[in-house]
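Following: one structure in structure tokens, then a few remarks.
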Amino acid sequence: MKLKGKVAIVTGGASGIGEATVRLFAAEGARVLIADRSALGKKLARELVENGYDAHDCEIDVSREDDVRNVIDQVVSRFGRLDIMVANAGIAHPSSPVEDVGIEQWQQMMDINLTGVFLSNKLAIAQMRKQGSGGAIVNMASVLGHVGMTGAASYNAAKGGVVNLTRSLGVAYAKHGIRVNAVCPGFVETPLIDRATGELRTRLVAAHPIGRLGQAAEVAKAVLFLASDDASFVVGTSLLVDGGYCAQ
Ligand SMILES: NC(=O)c1ccc[n+]([C@@H]2O[C@H](COP(=O)([O-])OP(=O)(O)OC[C@H]3O[C@@H](n4cnc5c(N)ncnc54)[C@H](O)[C@@H]3O)[C@@H](O)[C@H]2O)c1
């Protein structure tokens, strides 16, 4: 019960890595709010409640400041506090040379994968500072925030932004007891990479020295570590959970 009594928001918690994080947090004693633009969040919350866990949901778009503010207000009015924010919601676009990336596509990537993280951090930090008892923020970056990949310019740029935003906020708020960190997964079996089949999938597997893709539950364990007191001296880091992708 590493999160007993803690109040957590997981953005993008309805699917994939976010869903695995929600399930693990609930099992570790947290009261969890699933904040996702998909109605699947409601289904997951209902299932968890039926199994005796404390889970709720709220439909939001993380790129809208009012939506993020609303979800934090909901948590605070229900539980009186916010201890953990997992800024996980994200999208991926099909591989494309940068010459073919339209401004709308670039902007959508920035809005969700970078601005969404900025808003989730900004508003969670404001709430945690008001409470005055610290907190933990875990941002979902990627190996592609550390190294480039052909055809992924906007995703690379957004995730690189998340890595350095995490450093910036980690440095700024450590003295307030708010630890900001990130997880950088390699390629993980979730609906996000459903499009990666055939030869592309074979290449992705081969890029991981461990010889396979990751599982969402393996990433969730790293999120749990950074969100819990086990990581009490960890600040501003980007933890690679990548089967060796970046080690070569
Ligand atoms: N799967 C991978 O290989 C991989 C690797 C590295 C990093 N990541 C990152 O992990 C995070 C989770 O991805 P996943 O693989 O679990 O994907 P997923 O598609 O299974 O889950 C993403 C969730 O985010 C939600 N979402 C998307 N846009 C949103 C928005 N604007 N507002 C609110 N919710 C929104 C979706 O509805 C979905 O439930 C993303 O940030 C992704 O970039 C994934």
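Read the numbers this way: they start at 1 and go in the same order the structure lists the ligands and their atoms.
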Logged contact type for K159 with ligand 1, heavy-atom cut-off 4.0 Å, is side chain

Between N121 (side chain only) and V117 (backbone N and O only), is there a donor and an acceptor less than 3.5 Å apart? yes

Would you check if there is a donor-acceptor pair between the side chains of R81 and S133 at a distance under 3.5 Å? yes

Of all protein heavy atoms, the one nearest atom 20 (O) of ligand 1 is S15 OG, 2.6 Å

Looking only at protein heavy atoms, which one is nearest to atom 33 (C) of ligand 1, and how far off is it? I60 O, 3.2 Å

I'd like to know whether ligand 1 has D61 as a neighbour, heavy-atom separation below 4.0 Å. yes

Residue, atom name and distance, where the atom is the protein heavy atom closest to atom 22 (C) of ligand 1: G90 O, 3.8 Å

Can you tell which part of I193 has a heavy atom less than 4.0 Å from ligand 1: side chain, backbone, both or neither? side chain

Looking only at distances, please establish whether an N/O atom of ligand 1 is found under 3.5 Å from an N/O atom of D36. yes

In the protein, what heavy atom is nearest to atom 3 (O) of ligand 1, and what distance, to one decimal place, separates them? V188 N, 2.8 Å

Would N113 count as a polar contact of ligand 1, with the cut-off being nitrogen or oxygen pairs under 3.5 Å? no

I17 N/O under 3.5 Å from ligand 1 N/O: yes

Side-chain donor-acceptor pair under 3.5 Å between Q108 and E104, yes or no? no

Sub-4.0 Å heavy-atom approach of P191 to ligand 1: yes

Checking the side chain of D57 only, and the main-chain atoms of L44 only, is there a donor and an acceptor separated by less than 3.5 Å? no

Which label fits H56 and F79: parallel for a plane angle under 30°, tilted from 30 to 60°, or perpendicular past 60°? perpendicular

A141 touching ligand 1 at heavy-atom level, < 4.0 angstrom: yes

Any donor-acceptor pair under 3.5 Å linking the side chain of N139 with the backbone of T166? no

With a 4.0 Å cut-off on heavy atoms, is G186 in contact with ligand 1? yes

M128 reachable from V75 in the ILVMFWY side-chain graph, under 4.5 Å edges: yes

Between T190 and ligand 1, which residue portion shows a heavy-atom distance shorter than 4.0 Å: side chain, backbone, both, or neither? side chain

Determine, stepwise, if the pair K2 / D229 fulfils salt bridge (charged side-chain N to carboxylate O under 4.0 Å, His left out). CA-CA 8 Å; K2 287 184 190 289; D229 291 343; over 6 Å; no

Least distance between heavy atoms, R69 atom then L123 atom: N-CD1, 3.7 Å

Options I91, D67, L192, L213, ranked by nearest heavy atom to atom 13 (O) of ligand 1, top entry: L192

At what distance, to the nearest 0.5 angstrom, does CG of D61 lie from OG1 of T11? 10.5 Å

Is a donor on one side and an acceptor on the other found under 3.5 Å between the side chain of H146 and the backbone of S142? no

Among non-hydrogen protein atoms, atom 42 (C) of ligand 1 lies closest to Y155 OH, 3.5 Å

Identity and distance of the protein heavy atom lying nearest atom 32 (N) of ligand 1: V62 N, 3.0 Å

Give me the residue, atom name and distance of the protein heavy atom closest to atom 41 (O) of ligand 1. N88 O, 2.8 Å

Atom 34 (N) of ligand 1 sits nearest the protein heavy atom R37 N, 3.3 Å

For ligand 1, which is the ligand I care about here, please tell me if I112 has any N or O atom under 3.5 Å from one of the ligand's N or O atoms. no

